[in-house]
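Written out below as structure tokens is the structure these notes cover.
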Amino acid sequence: MGVDVWVGVADWARLTETLQRSGVDEMWDLLSPFPNSYDHLPTESDPDPRFDLVRDGALCWPTIADRWFARGVFRGIGAGGSYKPHFWLRHLVEHIALRPDAPKDVIGPLDMWLSRLLPYDGGDELTAMAPCSAKGVYGFPPPEVAELAQLSRRSRERIEDLRPAITAQLEEETWLPDYDSAVILLQDWGEILTRAQQRNWGLLYLLD
């Protein structure tokens, strides 16, 4: 699966106006120059005039006065820009949900928000707004972002209860390296959702 992912958060009104005016190409132009990894964020010793030095959770900001969007950045296996780890994470959680040793009150919220966040089919929310083909664009308006953020917080608070089930599943199916790598990816998605919710913004990601 040679697919890359660009994750962003944005003011929903500005996002929809941009899509209606210019289509998906402008969103590609806005998000694609951004670093995808914490390790590549600008620092005081290694600045980049295109991006702000401010670390706002899991977001990287453009150096523009009217900051209506930011790019989500990841650590660990999510830092390379490939969609593979996110796809594997979705598969992992689906299989853990079938295990008898996975507490249902923990795996339930986790499976619910991750299956909505990383659907196998979808993306119509933004596709309908663009004047051209918008294949590979997934969008979540502010009300849905708030729901996903709440579910992610509930599941992350008790993620340690799933360590035995996650570890056992990864021994059977080695999609992800280990428990910690899976949890870090979940935490980063949750942080991006939370930051978007705090601003009453939407979330989108582009697949190429």
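Quick caveat, the model's predicted, so the values are computed rather than measured. We're numbering straight along the sequence, starting at 1.
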Quiz item: With distance as the sole test, does Lys84 use its side chain to make a donor-acceptor pair with the main-chain N or O of Asp4 at under 3.5 Å?
Solution: no
Quiz prompt | Residue list, side-chain contact (heavy atoms from CB on, under 4.5 Å) with Arg75, at least two apart or on another chain | solution = Tyr38, Ile184, Gln187, Asp188
Quiz item: Would you call Arg199-Asp11 a salt bridge at under 4.0 Å N-O?
Solution: no
Self-check item: Exercise: identify the closest heavy-atom pair between Thr63 and Pro49
Solution: OG1-O, 2.5 Å
Quiz item: Does Glu17 pair with Arg14 as a salt bridge, N-O distance under 4.0 Å?
Solution: no
Quiz item: In terms of hydrophobic clustering (I, L, V, M, F, W, Y; side-chain heavy atoms under 4.5 Å; direct or indirect links), are Leu98 and Leu114 co-clustered?
Solution: no
Quiz prompt | Beyond-backbone contact of Trp189 with Ser152, side-chain heavy atoms, under 4.5 angstrom | solution = no
Quiz item: At what distance, to the nearest 0.5 angstrom, does CZ of Arg163 lie from CD of Glu160?
Solution: 4.0 Å
Quiz item: In a check of side chain to side chain contact (heavy atoms under 4.5 Å, CB included) between Arg153 and each of Thr194, Leu148, Leu193, which one passes?
Solution: Thr194
Practice problem: Over all heavy atoms of both residues, which pair between Asn200 and Pro142 is shortest? Give the atoms and the distance, please. | Solution: OD1-CB, 3.3 Å
Quiz item: Can you find a heavy atom in the side chain of Pro33 that is under 4.5 Å from one in the side chain of Arg50?
Solution: yes
Quiz item: Could you give the distance from CD (Glu171) to CD (Gln169), rounded to the nearest 0.5 Å?
Solution: 10.0 Å
Self-check item: Smallest separation among heavy atoms of Arg99 and Ala168, with atom names
Solution: NH2-CB, 3.2 Å
Quiz item: For the side chain of Thr167 and the backbone of Pro164, is there at least one donor-acceptor N/O pair under 3.5 Å apart?
Solution: no
Quiz item: When rounded to the nearest 0.5 angstrom, what is the spacing between CG in Leu186 and CD1 in Ile166?
Solution: 7.0 Å
Quiz item: Any side-chain heavy atom of Leu92 within less than 4.5 Å of one from Glu173?
Solution: no
Exercise. Without swapping roles, check the side chain of Arg195 against the backbone of Glu191 for a donor-acceptor pair under 3.5 Å.
Key: no
Quiz item: Is the closest side-chain donor-acceptor distance between Trp113 and Ser155 under 3.5 Å?
Solution: yes
Self-check item: Proximity of Trp68 and Trp201 rings by center, below 6.0 Å
Solution: no
Practice problem: Quick one: closest heavy-atom pair of Leu176 and Leu170, and the distance? | Solution: O-CD2, 3.6 Å
Practice problem: Determine yes or no for a side-chain-to-main-chain donor-acceptor pair under 3.5 angstrom, with His95 supplying the side chain and His91 the backbone. | Solution: yes
Quiz item: More than 12 non-hydrogen atoms from neighbouring residues, nucleotides or ligands closer than 6.0 Å to CZ on Arg154, yes or no?
Solution: no
Self-check item: Whether Arg90 side chain and Leu118 backbone form a donor-acceptor pair below 3.5 Å
Solution: yes
Quiz item: Does the pair Ile159 and Tyr179 meet the rule for a side chain to side chain contact (heavy atoms under 4.5 Å, CB included), with working shown?
Solution: CA-CA 10 Å; Ile159 193 65; Tyr179 169 84; 4.1 Å; yes
Quiz item: Is there a side-chain contact between Trp28 and Asp208 (heavy atoms, below 4.5 Å)?
Solution: yes
Quiz item: What class does the angle between the rings of Tyr83 and Phe87 fall in, given that below 30° is parallel, 30 to 60° is tilted and above 60° is perpendicular?
Solution: tilted
Exercise. Enter the distance from Ser82:OG to Phe74:CZ here, rounded to the nearest 0.5 Å.
Key: 11.5 Å
Quiz item: Any side-chain heavy atom of Arg116 within less than 4.5 Å of one from Leu151?
Solution: yes
Quiz prompt | Minimum heavy-atom distance Ser32-Trp6, with the two atoms named | solution = CA-NE1, 3.2 Å
Quiz item: Is there side-chain contact between Ile77 and Leu185, with at least one heavy-atom pair below 4.5 Å?
Solution: yes
Exercise. Report yes if some heavy atom in the side chain of Ile192 is under 4.5 Å from a heavy atom in the side chain of Tyr205; otherwise report no.
Key: no
Quiz item: Do the side chains of Val5 and Val7 get nearer than 4.5 Å, heavy atoms only?
Solution: yes
Quiz item: How many angstroms lie between CH2 in Trp61 and CZ in Phe69, if you round to the nearest 0.5 Å?
Solution: 9.5 Å
Quiz item: Just how far is it from atom CZ of Phe140 to atom CG of Leu204, taken to the nearest 0.5 Å?
Solution: 9.5 Å
Self-check item: Glu144 and Leu203: CA distance, side-chain angles, deciding distance, side chain to side chain contact (heavy atoms under 4.5 Å, CB included) verdict
Solution: CA-CA 9 Å; Glu144 187 169 7; Leu203 180 142; over 6 Å; no
Self-check item: Thr16 (side chain) donor-acceptor with Ala13 (main chain) under 3.5 angstrom
Solution: yes
Quiz item: Quick one: does Arg71's side chain have a donor or acceptor within less than 3.5 Å of a partner on Phe34's backbone?
Solution: yes
